[in-house]
Amino acid sequence: MSKNLVIVESPAKAKTINKFLGSDFEVTSSYGHIRDLPSSGLAIDLENNYEPIYEISEDKDKVIKELQKLAKKATTIYLATDEDREGEAIAWHLCSVLGLDPKDAKRITYTEITEKAVKFAVANPRIINLDLVNAQQARRVLDRLVGYELSPVLWKKVKPSLSAGRVQSVAVRIIVDREREINGFKVESFFKLQALFNLSDNGKTTILKAENNEKLKNTAAAQSYLNDLIGAKFYVKGTEKKPSKRTPAAPFTTSTLQQEASRKLGFSVSKTMVVAQRLYEAGHITYMRTDSNSLSETAMSSLKQTIDSKYGNKYYRHRKFTTKNESAQEAHEAIRPTYAENVQVSDDRDEQRLYELIWKRTVASQMSDAELEKTVITISNDKNAKEFYAQGEVVLFDGFLKVYTESADDEEEADDSSDVLLPPLKNGLELPLRQLTATERYTRPQPRYTEASLVKKLEELGIGRPSTYAPTISTVQKRGYIVKESREGVERKFQVLTLAADAIKEEVKTEITGSEKNKLFPTDIGGVVTDFLVKNFSNILDYGFTAEVEKKFDDVAEGKQEWHKMIDDFYQPFHKNIDTTTRESERASGERALGNHPVSGEPIIVRVGRFGPMVQVGVTSEDKKPQYARLKAQQSIETITLKEALDLFKLPRVLGEFEGKEVKANIGRFGPYVQHDGKFVSLPKGTDPYEVNLDEAEALILAKRESDANKFIAEFPEQDIQVILGRFGAYIKKGKENYKIPKGTEAKHLTLEDCLSIISEADKAPKKTKRGKKTK
DNA sequence: CAGTGAGCGAGCTTCCGCTTGACTT
């Protein structure tokens with residue numbers, strides 16, 4: 001039987017294409033890359049022109065055996081991997097594994113998955129583009145050289161197991177730089193003005209809100225401003241109307257989907273990808289790792305139908321979005337619903353919500369502009385030349401806004417002027433002043449990054465790819481360079497001056513400022529590593545480094561540059577720098593002197609030690625050892641003060657005696673605790689070991705005793721079996737193993753026989769094996 | 001994950017970019 005074999009990258013895609021091609025074709029997938037550099041060792045032959053030493057990727061043995069089997073049966077093999085640098089390389093690796101000649105192989109590509117496009121591709125194969133393959137090899141080799149030569153320098157000079165790379169190190173730097181910008185930001189206050197007027201219309205009185213963009217420097221300026229307007233009469237000076245319009249955003253790419261899912265649904269970057277993957281595999285959306293904004297012709301015509309029938313033809317507008325990003329490779333379409341007519345696709349709440357987001361964004365992208373009208377009323381007075389402006393904006397035609405509005409990153413205080421309909425007012429109409437306020441406001445530094453806004457920044461810099469944004473974010477957190485945290489704000493006072501009924505009133509109010517939710521903060525080790533790398537390898541840490549090497553990869557792809565030469569030009573100076581840095585550079589610990597101890601006069605320093613950030617008092621001498629203390633969770637060696645550092649030596653604290661035994665508070669490996677009579681009790685969240693008093697400690701000790709007493713529901717010592725009430729409910733413990741109790745079983749009533757049968761059932765079932773790291 | 005309360009001592013750690021699965025002997 002003669003058969004044609006088509007190999008794509010993704011199994012879900014294979015399934016779809018299989019439907020288009022008849023029974024003469026078998027479509028299968030490579031599951032991404034099939035060969036790569038082994039994870040241990042450099043695997044690049046430096047003596048032999050940087051020849052990469054590839055091996056079949058772990059866990060790809062089976063895939064390859066299957067491919068080889070199918071290839072043997074096939075008369076023609078089509079390599080249909082993605083149309084980009086990585087896809088071309090996969091096709092090339094497939095040639096070597098399947099014994100094909102790349103100069104003779106049938107390589108096919110298409111940017112939209114429709115029957116027409118796929119059949120056309122099959123009818124018009126080309127051969128492998130070796131220049132493009134070499135560009136990929138250069139990319140791969142450069143990343144390996146950078147990553148595997150830089151990381152060991154960090155092991156020697158900072159701490160073992162750290163990592164550095166072209167992408168992750170710049171990602172960390174972005175966060176570190178921003179944090180320092182925020183720490184160095186000088187907050188200034190100013191006064192903002194707002195006037196409220198009474199507006200009478202047929203006996204009904206409404207309030208007209210007006211502002212003035214003047215910023216008053218200080219309290220005195222605000223006082224004199226209000227003073228000048230005591231007794232003033234206000235008039236309408238003029239009304240101006242301006243039409244404006246808004247256009248919809250482009251359909252989603254991976255990066256914009258991650259940003260919107262974060263803002264609108266509160267999804268982390270990795271959650272978005274997991275949920276999108278499920279929608280993709282179920283056939284509800286197109287591929288979710290893409291950098292392209294464009295929609296296929298077929299998708300656009302089905303969107304037209306959906307919009308016409310749901311909202312009417314005047315809501316439809318044909319739009320073609322081009323991808324702005326220079327680094328985009330556009331091997332896929334934008335992320336869109338596969339069938340625009342489907343609105344409800346899943347019973348899973350997260351899947352359905354993400355799908356709706358994608359649906360709305362895609363549909364809106366083919367809808368008409370929204371037409372708006374902005375009205376500005378200028379208000380003058382009889383005392384001086386100051387003017388106020390009342391602004392309103394109304395939607396004349398909603399267009400795409402009927403379906404979707406993109407949200408913004410910086411959630412500035414809601415814009416008052418939007419959606420306010422201003423009545424037509426005659427010039428010269430008097431507006432009685434209700435009140436005029438000058439409110440103290442504060443300047444704000446740039447906001448901290450969220451996972452999603454970091455992805456946006458990386459994409460702007462051309463760093464990383466759709467398939468790596470989520471893994472990169474998780475790597476920098478796993479290495480301990482960055483933490484995602486929420487932090488509580490602090491109270492801040494602000495003044496409010498109000499002019500009403502010809503009198504000025506002054507008040508002081510308080511607000512909460514600086515609270516953060518799920519933002520990215522650098523750790524001290526992140527700061528130390530960034531400083532070390534910027535100092536010694538500034539070119540690689542440069543925000544533009546990736547963009548620069550990408551240009552060179554492009555030259556290789558276009559056949560204008562030989563790849564070994566390109567790598568050699570980079571590697572020679574880079575490796576020399578690795579050598580000198582290893583030899584000459586000092587160990588980096590971020591050490592900073594805070595001053596001297598107020599009593600003993602000993603020097604006090606902070607630095608990152610083997611177990612993390614710490615304070616050291618004194619230095620090692622013959623008769624004295626220095627004292628150490630760890631920094632608290634949200635403290636940093638960059639910002640801690642001398643006083644805060646000294647406070648850290650208050651632990652362990654002796655709180656007093658309870659039942660004749662000492663009660664101590666301290667912080668241990670598992671967080672803060674109190675210790676009494678040889679027993680440890682963890683402090684609950686919000687209880688500070690520096691503040692906790694004896695009464696609170698006693699209550700905690702008694703509560704722990706109580707829960708310990710209830711902990712053992714049943715015991716069968718003869719079999720070493722216990723039924724224990726744990727944090728997540730009751731469970732069975734035999735020796736060192738733990739066993740779940742089946743749902744619906746009362747733990748209290750378990751007999752020894754019940755336990756034994758649960759245990760033997762569990763032992764029979766296949767054990768969940770953890771996805772282990774490669775072992776040789 | 002099922003309950004702990006230190007302080008390595010030999011050998012390993014690490015990159016970026018494609019893609020999903022999680023076994024028989």
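Naming convention: chains lettered A, B, ... in sequence-line order (proteins, then strands); numbering from 1 in each chain. These figures come from a predicted structure and were not determined experimentally.
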Exercise. Residues two or more places apart in sequence or in another chain: which of them pass side-chain contact (heavy atoms from CB on, under 4.5 Å) with A:Tyr481?
Worked result: A:Leu154, A:Leu162, A:Ser163, A:Gln168, A:Val172, A:Arg479, A:Ile525, A:Val529
Problem set entry | Sugar-phosphate, base or nothing in reach of A:Ser57, heavy atoms under 4.0 Å | nothing
Exercise. Using 30° and 60° as the class limits, which term best fits the ring planes of A:Phe537 and A:Phe532: parallel, tilted or perpendicular?
Worked result: tilted
Problem set entry | Residues within residues 141-148 of chain A bordering DNA chain B, heavy-atom distance below 4.0 Å | A:Asp143, A:Arg144, A:Gly147, A:Tyr148
Exercise. What nucleic acid atoms does A:Gly609 come within less than 4.0 Å of, heavy atoms only: base, sugar-phosphate, or nothing?
Worked result: nothing
Exercise. What would the secondary structure line of DNA chain B be in dot-bracket form, counting Watson-Crick and G-U wobble pairs under 3.5 Å, with [ ] for pairs that cross earlier ones and | for pairs with another strand?
Worked result: .........................
For this session: For DNA chain B, find the residues of residues 86-95 of chain A with a heavy-atom distance under 4.0 Å and give them by number; none if there aren't any.
Result: A:Glu86
Problem set entry | Member of A:Arg85, A:Arg139, A:Arg465 meeting the salt bridge (charged side-chain N to carboxylate O under 4.0 Å, His left out) criterion with A:Glu550 | A:Arg85
Exercise. For atom P, what is the distance between B:dT19 and B:dC23, given to the nearest Å?
Worked result: 24 Å
Problem set entry | Residue-level proximity of residues 157-168 of chain A to DNA chain B when a heavy atom falls under 4.0 Å | A:Pro160, A:Ser161, A:Leu162, A:Ser163, A:Ala164, A:Gly165, A:Arg166, A:Val167, A:Gln168
Exercise. Within the structure shown, what part of the strands sits under 4.0 Å from A:Tyr628 by heavy-atom distance: base, sugar-phosphate, or nothing?
Worked result: nothing
Exercise. Partners of A:Lys457 by side-chain contact (heavy atoms from CB on, under 4.5 Å), sequence neighbours excluded?
Worked result: A:Ile174, A:Tyr449, A:Glu460, A:Leu461
